Amino acid sequence: MYNKKQYKEILDYFNKDLDLVNFEIKSLLFENDTNPKTALEDDIGLFLFAKSKRLRPLILFLIKDALKIETNNSIVQLAAALELLHSATLIHDDIIDEANLRRQIPTLNFKYNSKMAVISGDYLLSLCLKELSKINEPKIFEYFSENTYQICKGEINQFFNKNRVVSIEEYLEKSKNKTSSLFMAGVKSLLYLINSAKGNMNKIPNDIQKGILNFVLKFSLAFQIYDDIENFQNDFQGKISEKSSSDIENGIYTLPYLYISQQNNSYGIIDLKNKTFDEKLYNKTLNFSKEYLNNILNEALESIKPLKDKYKTTLLQKLVETFKI
């Protein structure tokens, strides 16, 4: 659904930066050795470097490019730490969801067991902390620890809201915790690094920082909604997704299903297997969800309007347009 060609163009633009991040992660993972020492280490490496969007490091590079900041070691280390923490959360998500595939390869919990997968996720979290220690900025540790707390809080709330139709506002709040908080931790850390850099006489004004943070919040929410729309389409069309079961089968109601429940005046369990909604309602739901997505993406674009006079916003705009549907 998203414009893959356009997204690849953005990735290619930051190819050197992303290569530095991959090299940093490999050096940390294999302790500067070229080969993994165990089969599990090999599988963790396959997972980390399997084809993915690399969206969270990419956002950092997009922001620093917009602010006309050159890439340095601290920014690369920050991007690597962000990707490691994100990867750790994915492994833990796969355990909770009992997923069999991730990035088109078997999940660690499927290939080994949940115990080894937990250890693997914790291992990546420890590497994230190790990478953050290189930056040696207590404020950045604070941002990342708050983020980890928010992710866990979001996961706990989601568990206790299983099979419960929540409001769209509650859904967005959960998405802020589970998805947006990681993006926000990275960008807050980046802005802090830029403003605290020695010899930097051009601090980023507060209004510009506010605009950037609001952009990242809106875009990350839109990205979650985009993912939920894609999963909704796969559910209805009976396509096999990466997960062994869909969110709806796990009792997790995303934006499209919340809309369906409102239309049906149904606030109990939605029976996907028996297709309690027809194609007409499906199309209506899809149109609502797409409009909701595009509205949030437009809000993201509004947030960076103050940047246009002094900073570069072309690539940020291009990223937003990539996910409009």
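This structure is a prediction, so every number in the text was calculated from the model and none was measured. For the single chain, residues carry numbers from 1 onward in sequence order.
- A side-chain donor-acceptor contact under 3.5 Å links K203 to the backbone of N195.
- By the 4.5 Å heavy-atom criterion applied to side chains, V320 and F215 are counted as neighbours.
- Looking at heavy atoms from C-beta onward, V216 lies in side-chain contact with M184 at the 4.5 angstrom threshold.
- Hydrophobic clustering (side-chain heavy atoms under 4.5 Å, transitive across Ile, Leu, Val, Met, Phe, Trp, Tyr) groups L28 together with I119.
- The side-chain tip of K26 points at the ring of F49 from less than 6.0 angstrom away and within 45° of straight on.
- In this structure the side chain of K308 reaches within 4.5 angstrom of the side chain of Q317, judged on heavy atoms.
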Checklist line | Evaluation steps, side chain to side chain donor-acceptor pair (under 3.5 Å), between Y257 and D228 | finding: CA-CA 10 Å; Y257 291 107; D228 291 340; over 6 Å; no

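- The pair E170-R164 counts as a salt bridge, with a side-chain nitrogen and a carboxylate oxygen less than 4.0 angstrom apart.
- Nearest heavy atoms, P256 versus T285: O-CG2, 3.2 Å.
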Next item on the list: Report the C-alpha distance between Q224 and S175 in whole Å, list the side-chain angles of each, state the deciding distance to 0.1 Å, and finish with yes or no for side chain to side chain donor-acceptor pair (under 3.5 Å).
Entry: CA-CA 7 Å; Q224 180 61 59; S175 297; 5.3 Å; no

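- Checked against ring-ring contact (aromatic ring centres under 6.0 Å, His included), Y259 has the following partners two or more places apart in sequence or in another chain: F288.
- When hydrophobic clusters are built by joining Ile, Leu, Val, Met, Phe, Trp and Tyr residues whose side-chain heavy atoms come closer than 4.5 Å, directly or via intermediates, Y149 is not grouped with L125.
- Within 6.0 Å of atom NZ in K305, 12 or fewer heavy atoms from other residues, nucleotides or ligands are found, so the atom counts as exposed in its surroundings.
- Although no hydrogens or angles enter the test, the distance criterion places no donor-acceptor pair under 3.5 Å between the side chain of R54 and the main chain of L18.
- Y7 has its side chain within reach of L58: a pair of non-hydrogen atoms, C-beta onward, lies under 4.5 Å apart.
- Under the salt bridge (Lys or Arg N to Asp or Glu O under 4.0 Å) criterion, K210 pairs with no residue at all, not counting sequence neighbours.
- L29 places a side-chain heavy atom less than 4.5 Å from the side chain of Y123.
- Summarising the geometry, atom OG1 belonging to T89 is positioned 9.0 Å from atom NE2 belonging to H92; distances are rounded to the nearest 0.5 Å.
- A salt bridge links E24 to K134: at least one charged side-chain nitrogen sits closer than 4.0 Å to a carboxylate oxygen.
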Next item on the list: Take L182 and T148 through the test side chain to side chain contact (heavy atoms under 4.5 Å, CB included) and record every step on the way to the result.
Entry: CA-CA 8 Å; L182 185 53; T148 307; over 6 Å; no

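- Summarising the geometry, atom OG1 belonging to T254 is positioned 6.5 Å from atom CG belonging to L258; distances are rounded to the nearest 0.5 Å.
- When side chains are defined from C-beta on, D227 does not count as touching T179, because their heavy atoms never get closer than 4.5 Å.
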Check: Step by step, would you call L78 with L60 a side chain to side chain contact (heavy atoms under 4.5 Å, CB included)?
Finding: CA-CA 9 Å; L78 174 62; L60 296 187; 3.9 Å; yes

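- The existence of a salt bridge linking R56 and E83 is excluded, since no basic side-chain nitrogen approaches an acidic carboxylate oxygen closer than 4.0 Å.
- I168 and V166 fall within a single hydrophobic cluster, where Ile, Leu, Val, Met, Phe, Trp and Tyr side chains are chained together by heavy-atom contacts under 4.5 Å.
- Shown here for I10 and L315, the closest heavy-atom pair between the two residues is CD1-O, 4.4 Å.
- Of the possible donor and acceptor atoms, none in the side chain of D97 sits under 3.5 Å from a partner among the backbone N and O of A99.
- Distance check, rounded to the nearest 0.5 Å: SG of C128 to CG of D122 gives 12.0 Å.
- Side-chain contact between F141 and S133: present, with at least one pair of heavy atoms (C-beta onward) separated by less than 4.5 Å.
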Next item on the list: Would you check, one step at a time, whether the test side chain to side chain donor-acceptor pair (under 3.5 Å) holds for E146 with Q150?
Entry: CA-CA 6 Å; E146 176 62 22; Q150 292 296 342; 2.7 Å; yes

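- Although no hydrogens or angles enter the test, the distance criterion places a donor-acceptor pair under 3.5 Å between the side chain of N161 and the main chain of N157.
- Although no hydrogens or angles enter the test, the distance criterion places a donor-acceptor pair under 3.5 Å between the side chain of Q209 and the main chain of I204.
- When all heavy atoms of L101 and P106 are compared, the closest pair comes out as CD2-N, 3.8 Å.
- Residue I304 comes nearest to L316 through the heavy atom pair CD1-CB, 3.8 Å, listed as atom of the first residue, atom of the second, then distance.
- The two residues P306 and I208 come nearest to each other via the heavy atoms O-CD1, 3.7 Å.
- Distance check, rounded to the nearest 0.5 Å: CZ of F232 to OG of S289 gives 6.5 Å.
- We find the CZ-CG distance between R102 and N109 to be 9.5 Å, quoted to the nearest 0.5 Å.
- I91 and F110 end up in different hydrophobic clusters when Ile, Leu, Val, Met, Phe, Trp and Tyr side chains are linked at under 4.5 Å.
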Next item on the list: Would you please test K176 and S181 for side chain to side chain donor-acceptor pair (under 3.5 Å) and show each step?
Entry: CA-CA 6 Å; K176 285 179 185 178; S181 59; over 6 Å; no

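- Between Q233 and L286 the shortest side-chain heavy-atom distance falls below 4.5 Å.
- The heavy-atom pair separating F323 from L293 by the smallest distance is O-CD2, 3.6 Å.
- Taking the six-membered ring where tryptophan is involved, the planes of Y2 and Y226 are perpendicular, since the angle between them exceeds 60° and thus also 30°.
- A salt bridge links E9 with K318: the distance from a Lys NZ or Arg NE/NH1/NH2 to an Asp or Glu carboxylate oxygen falls below 4.0 Å.
- One hydrophobic cluster, built from ILVMFWY side chains closer than 4.5 Å, cannot hold both I252 and L255; they sit in different ones.
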Next item on the list: Give the intermediate values and the outcome of side chain to side chain contact (heavy atoms under 4.5 Å, CB included) for residues E321 and Q6.
Entry: CA-CA 9 Å; E321 296 299 329; Q6 190 162 293; 3.8 Å; yes

Next item on the list: Take Y171 and I225, measure what side chain to side chain contact (heavy atoms under 4.5 Å, CB included) needs, and give me the verdict at the end.
Entry: CA-CA 10 Å; Y171 159 81; I225 292 169; 3.5 Å; yes

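- Between the CG atom in L84 and the CG atom in L124 there is a gap of 6.0 Å [rounded to 0.5 Å].
- By the 6.0 Å contact criterion, NZ on K188 is open, its count of non-hydrogen atoms from other residues, nucleotides or ligands being 12 or less.
- Among N3, N294, N298, the single residue meeting the side chain to side chain donor-acceptor pair (under 3.5 Å) criterion with K324 is N298.
- S220 contributes no side-chain N or O that, together with a main-chain N or O of F183, makes up a donor-acceptor pair within less than 3.5 Å.
- Formation of a donor-acceptor pair under 3.5 Å by the N283 side chain with backbone atoms of E279 is found in this model.
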